[in-house]
Protein chains: 2
Amino acid sequence: MVTAGGAPTVETIAERAGVSIASVSRVLNGHGARPETVRRVERAAAEVGYVPNAVARSLKGGRTRQLTFAMQDIGNPVYVAMVRQIQSIAKAEGYRLLLHSTDAVAEDELAVVRSLADRTSDGLILCPIRITPEHIEALRTAARPVVVIGSLPEEERVPVDSVRADSVAGAGLAVRHLAETGRRRIAFVNGPADTVPGRNRHLGYHRALAACGLRADPELVVTTEFTIEAGASAMHRLLDRLTAGGAGTSAGGPGVSAHEPGDPGGPGLDAVFCANDQLALGASQALHSRGLRIPGDVAVVGMDDTVLVRAGWPPLTSVDLGSAERGRIAAEMLLERISGPRAGSGQKAGSGPGSGSVRDPGPPARTRTVTPRLVVRASSAPARPGPDPHAAPAGHDRGEAAS
Amino acid sequence: MVTAGGAPTVETIAERAGVSIASVSRVLNGHGARPETVRRVERAAAEVGYVPNAVARSLKGGRTRQLTFAMQDIGNPVYVAMVRQIQSIAKAEGYRLLLHSTDAVAEDELAVVRSLADRTSDGLILCPIRITPEHIEALRTAARPVVVIGSLPEEERVPVDSVRADSVAGAGLAVRHLAETGRRRIAFVNGPADTVPGRNRHLGYHRALAACGLRADPELVVTTEFTIEAGASAMHRLLDRLTAGGAGTSAGGPGVSAHEPGDPGGPGLDAVFCANDQLALGASQALHSRGLRIPGDVAVVGMDDTVLVRAGWPPLTSVDLGSAERGRIAAEMLLERISGPRAGSGQKAGSGPGSGSVRDPGPPARTRTVTPRLVVRASSAPARPGPDPHAAPAGHDRGEAAS
DNA sequence: CTGAAAGCGCTAACAG
DNA sequence: CTGTTAGCGCTTTCAG
């Protein structure tokens with residue numbers, strides 16, 4: 001029953017109800033009107049199935065009620081966890097969510113930040129792979145509020161909010177847990193060393209090793225990509241290297257003490273900490289395919305606590321770096337920037353020459369850090385108990401939080 | 001260096017370049033102008049860092065260059081696969097992607113369809129859980145093109161394009177593969193029976209069983225939710241039931257032939273086909289925890305061929321129902337509707353009384369069905385070979401396509 | 001309380 | 001080739 005030729009507009013309703021378009025607008029936005037007017041407008045609107053044109057509304061109001069979330073690849077479970085939270089909060093606040101995969105192309109990330117100027121979105125949550133000087137500049141001049149999930153160089157004082165994980169502490173949690181459950185030769189399968197997570201997790205691993213009085217053996221560390229396949233081959237490489245008695249790969253290192261743990265002729269390591277769950281899953285598979293038992297022979301710990309931990313066998317102990325929580329916090333911070341208390345009145349800003357700048361910066365940028373949490377499951381149970389942990393009864397893997 | 005107080009507009013540039021706003025618009029849209037004019041406008045635009053206001057543009061043009069994708073829960077890998085494709089195509093065509101999780105609330109799905117009337121998006125790709133009469137009505141009167149991923153009741157002649165998977169054939173592929181590799185007692189762990197996938201996969205299972213000359217034993221079928229945990233407990237239930245010698249659950253059924261395959265006292269089944277990968281992973285875990293070997297004692301086959309198949313151990317044989325391809329096709333169909341050949345001029349439409357309808361329906365609705373593909377991995381290798389398939393060398397799970 | 005009218009920023013007729 | 005002008009649909013002064 002829609003008026004032929006185009007969707008109904010305020011004018012359609014005004015004519016039908018015999019009032020002005022201004023009254024229609026007022027009634028529809030609950031700005032008060034005579035009961036009789038309200039009745040007639042509402043009736044007319046219902047009859048024609050009127051739906052306000054959101055675009056026109058945005059043009060007038062300057063807000064689109066859209067948020068953008070940009071990350072490398074939605075295929076990564078960590079981002080999926082974030083999207084879920086962000087979408088849920090956005091929805092609850094009446095915002096739509098625009099998704100943007102950058103495929104890890106820095107140029108694309110920049111484009112997303114710059115495109116905020118096109119007024120399509122009221123704010124952006126960005127997960128950058130690497131922060132370049134161009135990023136800093138783009139963030140500085142962003143046309144809309146931005147929240148970065150990741151680490152921003154502190155000395156740059158980039159004026160955007162951010163939420164970060166504590167990879168260093170997280171890696172420490174994993175290593176300490178392994179050491180406390182009796183593991184002595186803890187290997188480390190890391191992601192690319194030139195990424196922030198890669199660097200931090202490596203640092204955390206080393207620090208915790210030292211804190212636990214364990215020797216850091218370079219033979220036990222291997223670096224690769226953040227994928228299941230890479231994890232598997234990295235683990236194979238590690239095992240080859242260790243059982244070969246320090247033959248090829250390591251140049252000047254002393255012979256590998258391949259027989260230290262458990263039975264002689266063992267794998268030369270009794271635990272492996274992996275920089276994310278994909279790597280841990282790959283490592284598990286490599287161990288399985290060589291007939292090594294988890295956690296009997298080798299304990300495995302992953303990181304990020306994604307949905308994947310319950311997919312592997314045995315269920316994977318993992319360090320939850322708070323993906324979901326970071327997503328939630330980022331969304332909250334962003335919404336606060338968008339509609340929260342305008343202008344930081346509590347401070348006499350240094351008011352340099354460029355006072356009338358592009359956008360009211362509001363309160364100073366905040367950085368929040370999410371505390372990691374170790375979730376213990378079967379893959380890191382102490383080696384002692386039952387002869388075949390593979391036959392452990394189900395229900396054994398209920399996650400348990402630790403400091 | 002932006003003009004203080006608001007972003008630059010065509011007017012800002014017009015003044016700066018000493019031309020009219022019309023010329024600015026023309027130059028910016030490549031509609032030809034005197035070289036001198038072009039130069040001046042471009043220079044002015046660059047100087048002020050002009051970015052066109054997409055909202056204003058949309059209001060004028062009636063298109064937003066935004067697409068919406070709505071599904072139950074982005075946590076499901078099947079949807080992740082679709083999103084990736086859709087996002088990638090959308091991006092290539094200059095469209096943004098709006099994501100919408102309905103949390104399986106039918107009311108929410110309807111709201112998404114109806115909200116197309118607010119002009120926020122140029123088209124919608126919808127993955128409905130169930131099609132109600134309200135859905136039909138909403139789709140019929142949708143204000144923008146919609147493509148449904150899933151099955152639409154044919155007799156209703158809903159005027160929207162759709163892409164569907166062939167679950168029936170897919171289930172058949174799985175069962176036939178198991179039968180051909182020597183399995184005789186093929187169990188089936190299904191999802192909810194009141195869903196389209198649940199019904200179809202069940203149908204496919206039965207048909208294939210019959211085609212292979214295997215007896216359909218109700219004791220071998222169990223129904224539950226589509227999750228890993230549910231898969232594990234369903235598998236446990238199945239094993240309890242079968243090894244208990246047909247004690248409680250089944251009322252009038254004859255005793256279970258629990259000793260048919262392999263060694264006496266075996267599990268009473270030698271294969272299990274699961275209606276999706278999550279269920280298959282759960283089933284694998286249950287089997288492991290009971291000391292049963294995969295595929296030595298029991299072969300496992302999943303469905304959807306999600307990223308999860310490589311997470312489990314051994315890698316899971318799975319039926320690829322073409323999630324990614326369905327996403328791709330849906331996106332292509334939608335874009336074709338949006339900007340493709342307008343109006344179906346090749347046909348003298350029956351032109352009933354309601355000729356001047358809401359929206360030009362364009363060419364008649366099309367339905368495309370994606371052909372399933374079996375991807376064989378280690379979890380369904382024949383039982384004969386090596387005594388311990390767990391120790392199979394890596395690299396054994398390269399996916400292989402079959403009819 | 002209500003109507004007339006002015007724009008939000010842009011594009012596209014329509015004259016010159 | 002260029003400038004003037006009329007809207008896209010809505011919200012919001014400003015009078016009445």
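Below, chain A is the first sequence line, B the second, and so on; all start at residue 1. Computed from a prediction, not measured in an experiment: that's the story for all the values here.
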Looking across every strand, which nucleic acid part, if any, lies under 4.0 Å from R119(A) by heavy atom: base, sugar-phosphate, or nothing? nothing
Check the phosphate of dT11(C) against N29(B), side-chain N and O only, distance under 4.0 Å to OP1 or OP2. Yes or no? yes
Here the distance between atom C1' of dG9(C) and atom CG of L28(B), to the nearest Å, is 12 Å
Other residues, nucleotides, ligands: >12 heavy atoms within 6.0 Å of E11(B) CD: no
Measure the distance from CD1 on I13(B) to C1' on dC10(C) and round it to the nearest whole Å. 12 Å
Can a donor-acceptor pair be found between the side chains of D118(A) and T120(A) at a distance below 3.5 Å? yes
Measure CZ/R26(A) against C1'/dA4(C) and give the value in whole Å, please. 10 Å
Can you tell me the distance, in whole Å, between the CD1 atom of I21(B) and the P atom of dT11(C)? 10 Å
Which is true for A22(B) with a 4.0 Å heavy-atom rule: it touches a base, it touches only sugar-phosphate, or it touches nothing? base
Just call it for V55(B): base, sugar-phosphate, or nothing, with non-hydrogen atoms closer than 4.0 Å on any strand. nothing
Remember a base hit wins even if backbone is also touched, and classify T9(A) as base, sugar-phosphate or nothing at under 4.0 Å, heavy atoms. sugar-phosphate
How close or far is atom P of dG3(D) from atom NE2 of H31(B), stated in whole angstroms? 17 Å
Please report, rounded to the nearest Å, how far the C1' atom of dC10(D) is from the CZ atom of R65(A). 16 Å
Taking atom CZ of R65(B) as the centre, does the number of heavy atoms from other residues, nucleotides or ligands within less than 6.0 Å exceed 12? yes
Can you tell me which nucleotide in dG9(C), dT12(D), dT2(D) comes closest to the side chain of K60(A)? dT12(D)
Would you mind reading off the distance between L59(A) atom CG and dG7(D) atom C1', rounded to a whole angstrom? 12 Å
Are any of R34(A)'s side-chain N or O atoms less than 4.0 Å away from OP1 or OP2 of dT2(C)? yes
Does a side-chain N or O of R57(B) approach OP1 or OP2 of dG9(C) to a distance below 4.0 Å, or not? no
Using the rule given for side-chain contact (heavy atoms from CB on, under 4.5 Å), can you reason through V160(A) versus V147(A), listing the C-alpha separation, both sets of side-chain angles and the distance that settles it, and then say yes or no? CA-CA 6 Å; V160(A) 305; V147(A) 174; over 6 Å; no
Any Lys/Arg nitrogen of D122(A) or R96(A) sitting under 4.0 Å from an Asp/Glu carboxylate oxygen of the other? no
OP1 or OP2 of dG3(C) versus the side-chain N and O atoms of S23(A): is any pair under 4.0 Å? yes
E11(A) atom CD is separated from dC8(D) atom P, nearest whole Å, by 8 Å
